[in-house]
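Just so you know, these numbers come straight off a predicted model, no measurement behind them. Numbered from 1 within each chain, the chains take letters A, B, ... in sequence-line order.
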Amino acid sequence: MRRAGRRVPLLCVIGIVIATAPTRGQQSPVVPESILALQRWIDAVDRHQPGVADPALDAVVHLRYADRAKLEPAMTKFLNFVATRSKGQTIAARGDVEKRAAELVRRIEQSPGWPVFLQRAAVLHADAAVRTERLGGLADPTMPRVSFPAPSRSILGRRQPDAPTSPLLTNTQFVTSQDGQTVGQRPADWNWPFGRSLVDLLLFIAPADSAAAFAGAWYHATAAFMLANGLYAEATAHTDRAVAILPHDPRVLFDRGCYAELLGLPMQQILRAETRPDRKIDMPPREVTNADAESWFLRVLEVDSTLVEARVRLARLLDVSGRHAQALAEVDRALLARPTGVVAYFANLFGGRAAQALGRLDDARRFYAAALAAFPDAQSALLAGSQAALLAGDMPSARAATSRLSDRTSVIDADPWWNYHLGAGRDVDVLLVSLWAPLRR
Amino acid sequence: MGGLTAADFELRDNGVLQRLEVVDGADVPINAVLALDTSVSTTGKRHTALIAAGEAILDRLKPTDRAALTTFSHAAVPRMPLTSDTAAVRTSLRSMNPLGETAVMDGAFVALTSTLGQPGRSLVLVCTDGYDTWSWLTPDEVLESARRTNVVVYAVTSSDARRDDGLTMLTDATGGHVIRVKSSTELASAFQKILEDFRNRYLLAYNPSGVQPDGFHRLDVRVRRAGATVRARPGYTGLPAR
């Protein structure tokens with residue numbers, strides 16, 4: 001598969017559910033056609049090489065809603081059987097078709113074993129979602145039309161509509177935005193909720209430590225992909241589920257904090273001003289999202305006090321809310337750990353702003369100089385340094401700093417601040433490779 | 001209103017009446033700094049109209065005036081420093097490409113700094129669709145900076161008022177104002193109107209007396225003529241002694 005990529009998302013899928021299809025009322029009977037679809041899915045899981053755009057992946061990527069509706073009864077039965085067998089109970093299969101599903105369960109139990117199978121399946125669906133995103137989404141004429149109730153639902157996920165009976169039948173529409181304006185809608189990717197359901201099952205059946213290690217890696221890498229590609233609506237339920245099932249994993253706690261934090265950035269907050277009824281957004285104000293983010297970063301530091309970036313982000317939130325002295329203290333603590341690269345840059349940038357707010361212009365300018373020493377073309381530090389100089393009455397320095405801005409400093413990687421909202425998405429390629437590696441054959 | 005002299009004005013600096021001179025604005029060269037939004041949301045007709053509006057203002061500058069160009073998307077770039085070579089600014093205008101997000105406050109700040117230490121009277125004209133999605137600098141920080149300069153900031157925006165509070169604060173604080181356009185076809189006339197407004201302003205000069213030099217100075221300007229309405233900057237921040 002191609003590089004999963006991190007980029008400044010031109011098109012963001014913001015976290016608004018504006019409509020969902022009616023849920024299925026009753027479970028459909030398992031018919032031979034459904035079992036055949038299940039067999040094809042199991043084959044795809046068996047054959048897919050993690051991270052590779054192979055035919056097995058294509059088969060999943062191109063599953064239309066109608067195909068998934070056929071697959072759903074057998075899949076539900078199959079996954080129930082897996083849960084039953086994992087607890088040492090006997091599968092109660094009725095009729096030839098269900099017996100065939102039970103046979104598939106027993107075959108997988110022997111090889112490769114359910115934990116490995118479920119891990120491969122979860123990775124297959126993560127890869128399918130990545131692939132679909134890379135293809136720019138796929139039209140699906142079999143998808144039922146949905147109505148658009150107004151006003152739209154909460155972005156934070158706690159008041160989202162009930163999930164469909166099966167995540168295979170996800171039929172949710174999200175609002176999209178570009179450069180601060182809502183520009184349309186697009187369907188949610190069913191691979192994400194279905195992948196989450198597979199990870200849930202893995203945690204149910206497998207030894208806690210090994211399953212949690214995989215689940216943490218899966219959620220961290222996939223959340224990174226979502227943040228790197230502006231899939232904020234998908235990230236809403238994703239990061240919520242991650243912290244619910246892995247409440248002591250600092251990686252997923254950090255991702256949840258980053259997600260809340262990005263909602264408080266201007267690029268998202270501006271969407272609160274949308275007035276068109278069909279795109280009106282129930283985005284919480286910055287104070288609410290920042291407080292949410294702050295609580296998650298504090299939780300990260302309770303679990304793992306060495307995660308320096310969480311402390312630096314906490315410092316920014318403290319500064320934004322006017323607690324400049326506390327912010328500066330957190331920056332000082334973070335710098336004691338001698339962070340490098342972008343984390344050191346952020347620490348110095350935020351430290352400078354906090355010092356400036358406290359009237360310590362000389363300290364602020366030293367912080368900004370340290371940030372620039374690491375990233376000489378970073379616009380944020382050049383602007384910050386220029387402004388501090390101007391406030392200090394040093395007009396030549398103020399002018400000299402901004403005169404360094406050019407096309408070279410416009411390159412997106414020149415300024416770490418421009419990638420701040422990505423959170424772990426900065427490292428998405430590395431994280432995905434780490435997720436794939438243990439499952440490669 | 002034309003024909004006013006120093007005797008027609010009354011200026012208080014932090015409540016203290018000051019002795020004024022009125023300088024004929026027509027004799028003082030203008031520094032016109034264009035700060036133009038080149039984010040992706042300006043693609044198409046807006047971008048073409050923006051270039052035409054920029055050229056319209058260049059066409060109306062006098063030989064002694066100077067112009068500069070700053071563009072902003074996610075990045076703010078001072079493309080052309082203050083120069084009397086308007087042809088060079090025109091070339092730079094025509095080479096702009098829409099791309100990326102919108103950092104209005106960062107762009108406005110970079111434009112402000114291009115006037116620091118420059119002779120003449122400076123006008124910064126910010127044109128944007130008004131959705132600041134990306135700036136590092138906050139409106140308060142840019143405002144605080146602007147109060148330490150002599151620049152007058154005007155803005156032309158196609159946005160509704162709720163989305164550009166920062167720009168409104170900035171223009172009000174520097175004695176300029178925001179012109180809202182409904183269509184990009186109105187950009188050129190808005191630009192021209194701003195230049196005309198700026199050129200026709202009275203320049204009041206005084207040496208502050210009876211007030212502390214540093215800190216914020218609230219200005220109160222009145223005209224002793226019936227029916228006159230004053231638009232002036234409401235104050236400035238005195239620079240600390242160096």
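- Using a 4.5 Å cut-off on side-chain heavy atoms (C-beta onward), A/Arg353 and B/Thr138 make contact.
- In this structure, the portions of B/Ala76 lying under 4.5 Å from any heavy atom of chain A include both its backbone and its side chain.
- Note: B/Trp136 and A/Phe350 have parallel aromatic rings, judged against thresholds of 30 and 60 degrees for the angle between ring planes.
- With a 6.0 Å radius and a threshold of 12 heavy atoms from other residues, nucleotides or ligands, B/Arg201 has its CZ atom above the threshold.
- Under the 4.5 Å side-chain criterion, counting only non-hydrogen atoms from C-beta, B/Asp132 is not in contact with A/Ile270.
- With values rounded to the nearest 0.5 angstrom, A/Leu405 atom CG is found 10.0 Å from B/Thr71 atom OG1.
- When heavy atoms are compared at a cutoff of 4.5 Å, B/Arg79 approaches chain A solely by way of its side chain, counted from C-beta outward.
- B/Ser114 touches chain A through its backbone: at least one of N, CA, C or O sits under 4.5 Å from a heavy atom, while the side chain does not.
- When all heavy atoms are compared, the tightest approach of A/Arg399 to B/Leu116 is CD-O, 3.5 Å.
- Heavy-atom minimum distance, A/Thr402 versus B/Pro78: O-CG, 3.4 Å.
- Put simply, NE2 on B/His74 and CD1 on A/Ile412 are 4.0 Å apart, with the number rounded to the nearest 0.5 Å.
- The distance from atom CG of A/Leu391 to atom OG1 of B/Thr237, rounded to the nearest 0.5 Å, is 9.0 Å.
- The number of heavy atoms from other shown groups lying within 6.0 Å of CG (B/Asp172) is above 12.
- Of the atoms belonging to A/Ala414, not a single heavy atom falls under 4.5 Å from chain B.
- Between chain B and the options A/Leu382, A/Val411, A/Asp415, A/Asp407, heavy-atom pairs under 4.5 Å are most frequent for A/Asp407.
- Within 6.0 Å of CD on B/Glu21 lie no more than 12 heavy atoms contributed by other residues, nucleotides or ligands.
- The shortest non-hydrogen separation linking B/Ala75 to A/Ser410 is CB-OG, 3.4 Å.
- Interface check for chain A: of the options B/Thr149, B/Thr113, B/Asp106, B/Val110, the most heavy-atom pairs under 4.5 Å are formed by B/Thr113.
- Of the possible donor and acceptor atoms, one in the side chain of A/Gln387 sits under 3.5 Å from a partner among the backbone N and O of B/Glu141.
- Atom OG1 of B/Thr133 sits about 10.0 Å away from atom CD of A/Gln268, to the nearest 0.5 Å.
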